[in-house]
Amino acid sequence: MENQGFPKSCRLLDSSAYEDVFNKPDFRISNKYILILGRKTPMGSARLGVIVSKKNVARATARNRVKRVIREAFRTTKSLLPSCDLVILSRKGLDSLDNEKCRACIDELLEEIKRKHSTE
RNA sequence: UGAGUUGGCCAGGCAAUCGCUGUUGUUUUUAAACAGCAGAGGAAAGUCCGGGCUCCACAGAGCACAGUGCCAGGUAACGCCUGGGGGGCGCGAGCCUACGGAAAGUGCAGCAGAAAAUAUACCGCCCUACAUGCCUUAACCGGCAUGAGGGUAAGGGUGAAAUGGUGCGGUAAGAGCGCACCGCAUGGGUGGUAACACGCCAUGGCGAGGUAAACCCCACUGGGAGCAAGGCCAAAUAGGGAUCCAAUGGUGUGGCUCGCACUGGAUUCGGGUAGGCUGCUUGAGCAGACUGGUGACAGACUGCCCAGAUGAAUGAUUGCCCUCGACAGAACCCGGCUUAUGGCCAACUCUUCAU
RNA sequence: UGGGGUGUCGCCAAGUGGUAAGGCAACGGACUCUGACUCCGUCAUUCGUAGGUUCGAAUCCUACCACCCCAG
């Protein structure tokens, strides 16, 4: 169980990294509550950026909770993912789910990424 | 038992595994690894007040503007807190209270009502050796009605509000016109630091209505902007062309004037741009017991260091226990206020029943 | 995080202490064979919420709620 860490090298650190993903996404996957943009990178492990807007999740405690759940889901499945930059955006109503459902919701999408990658 | 008032306390705990941030130590490839320690709140919230800090002048003067407004104290300061006074609410414990000035001036009061701030008089009441008519009488006298002139403010009705209240005397009818009691005002006395209080004394028949969260007057307070402040480093604002205006001018973040500091300014052509570090946590700090004070609080002593992120850190899973865990997440920092919210404890009040 | 602003009928709105204008929409009626146009009428238990000041508050004061804008 190495590779379960979540150091800074596995995060998107400045706005230019986010810009790249937004401008030229190689794939996008979504369901009712979450949208994932992804861009393939040549080397290293996957990197994550999270955007949870005040408009979609109004209260600060709920925003923090959602972000933690997303990071946790990414951290535990990171080693199985291809090397790419991901930006996970929340949609309206995400805060109405409890932690378990929210986790399931994200895992579903990450599974899809894994499947797509393995078929290529 | 039920209902309520006030004050205080806590904010699930423990263990294991995997992760995040800071810091200390060790190792080395100077960026990581390992180990230890620390890691959101009572409201972190709303941004409603007050400060610290930073720049503008070292924050100055006058006007304007804004705020505060019973008294005394506390505090760095406050619109906060404590104690007290007046008024109001509640059976009570208690709670609420923008609570200075209306004889400095200006304004406002719809509808209703006679009249809305000037004192007057609609329905009334009363008087007249005034006029007319009628009744009565032999006639005068007398009575009634209407009008005229006058005296009244008792009663009626309107309104949120109508020029002290009740009683007795008095009168043509009435009226603080007089008296008693109550209320009010002024001056004094006593108590209290004071606000104010008084079953104290004297004087005044009572003249001055309401509204200042209307303008205003009085007293006190306030310069402006805000960490996206500001500072440092690298780079850059360079240099140049054209036009216009002007040295009692222009700029300096606030409304005006002064003062102070700096200094030509505006438009346009073309050219260039990149961020990082710091501020950033030791402070009106926290804990303990002591002293002074009714209390807010203050003083001295001992001990402690207790988040500092910056695409933004506290989570996930499992086990055990209990009452099965509400509101909610720091972004420069403090003191308050307000709002959201789960539970526990203590004191007190009312009520039901029992003794 | 800081600074500023706005809430009045379904929509746009006037009102700055004394019965809350107006337009669009909606509804009912008239005109028409039927529609459109036009004409007439109806529509605010209360001005975002809760307290207070006042005889009286959309308006003045205080607290809160919601929404919008600006600053990298």
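Remember, it's a predicted structure, so these values are computed and weren't measured experimentally. Letters go in sequence order (proteins before strands), and every chain restarts at 1.
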Determine which nucleotide pairs with G187(B), using a 3.5 Å limit on both distances of a Watson-Crick or G-U wobble pair. C201(B)
Could you tell me how far A212(B) sits from A115(B) if I compare only their P atoms? Round to whole Å. 27 Å
Opposite nucleotide pairing with C344(B), Watson-Crick or G-U, both atom distances under 3.5 Å: G8(B)
Less than 4.0 angstrom between a side-chain N/O of R75(A) and OP1 or OP2 of C20(B), yes or no? no
The glycosidic conformation of U82(B), counting syn as within 90° of 0 and anti otherwise, is anti
How far, in whole Å, is G252(B) from G15(C) if one measures between their P atoms? 37 Å
Can you tell me if T61(A) touches the phosphate of A328(B), counting only side-chain N or O atoms and a distance under 4.0 Å to OP1 or OP2? no
Would you give the length of the straight line joining atom CD of E72(A) to atom CG of D107(A), rounded to the nearest 0.5 angstrom? 10.0 Å
Decide, yes or no, whether a salt bridge links K40(A) with D26(A) under the criterion of side-chain N to carboxylate O below 4.0 Å. no
Could you give the distance separating C297(B) and A287(B) at their P atoms, to the nearest angstrom? 13 Å
For C91(B) versus A3(B), give the span between their C1' atoms, rounded off to a whole number of Å. 14 Å
Most 5' of L48(A) and A62(A) on RNA chain B, judged by nearest nucleotide: L48(A)
Does a side chain donor of either R71(A) or T76(A) reach within less than 3.5 Å of an acceptor in the other side chain? no
K101(A) NZ to A316(B) P, in whole Å, measures 17 Å
Using the C1' atom in both, what is the distance from C353(B) to G51(C), to the nearest Å? 41 Å
P-based separation of G311(B) from U27(B) [nearest Å]: 34 Å
Please tell me which of the listed nucleotides, A330(B), G311(B), G315(B), lies nearest to the side chain of A60(A)? A330(B)
Counterpart base for G147(B), defined by Watson-Crick or G-U wobble contacts under 3.5 Å: C130(B)
Mind telling me if G42(B) is syn or anti? Syn here is a glycosidic angle within 90° of 0. syn
Check this for me: does any side-chain nitrogen of one of K114(A) and E111(A) sit under 4.0 Å from a carboxylate oxygen of the other? yes
Which nucleotide, in any strand shown, forms a Watson-Crick or G-U wobble pair with U163(B), with both distances under 3.5 Å? none
Say you pick atom P in C305(B) and the same atom in C337(B); how far apart are they, in whole Å? 32 Å
Who does A173(B) pair with, Watson-Crick or G-U, both distances under 3.5 Å? none
Would you mind calling G207(B) syn or anti? Take O4'-C1'-N9-C4 for purines or O4'-C1'-N1-C2 for pyrimidines, and syn is within 90° of 0. syn
So, is R71(A) near the phosphate of A312(B), with a side-chain N or O under 4.0 Å from OP1 or OP2? yes
For C258(B) and G223(B), measure between their C1' atoms and round to the nearest Å. 15 Å
Rounded to whole Å, CD1 of I51(A) lies from C1' of A312(B) at a distance of 13 Å
Quick check on U34(C): syn or anti? Syn means the glycosidic torsion is within 90 degrees of zero. anti
Rounded to the nearest 0.5 Å, what separates atom CD1 in I70(A) from atom CG in L48(A)? 8.0 Å
Between K67(A) (NZ) and G311(B) (C1'), how many Å, whole number? 9 Å
Roughly how far apart are L109(A) CG and I106(A) CD1, rounded to 0.5 Å? 8.0 Å
For G67(B), what is the paired nucleotide under Watson-Crick or G-U wobble rules, both distances under 3.5 Å? C220(B)
Please report the interatomic distance OH(Y33(A)) to CD(E108(A)), rounded to the nearest 0.5 Å. 11.5 Å
For A238(B), which nucleotide in any strand shown is its Watson-Crick or wobble partner with both distances under 3.5 Å? none
In A59(B), glycosidic geometry as syn within 90° of 0 or anti otherwise: anti
For G7(C), the Watson-Crick or wobble counterpart (both distances under 3.5 Å): C65(C)
How many Å lie between CG on L86(A) and C1' on G311(B), as a whole number? 15 Å
Between E72(A) and R68(A), just flag the one whose closest nucleotide in RNA chain B comes earlier from the 5' side. E72(A)
Between U317(B) atom C1' and D107(A) atom CG, what is the distance in whole Å? 13 Å
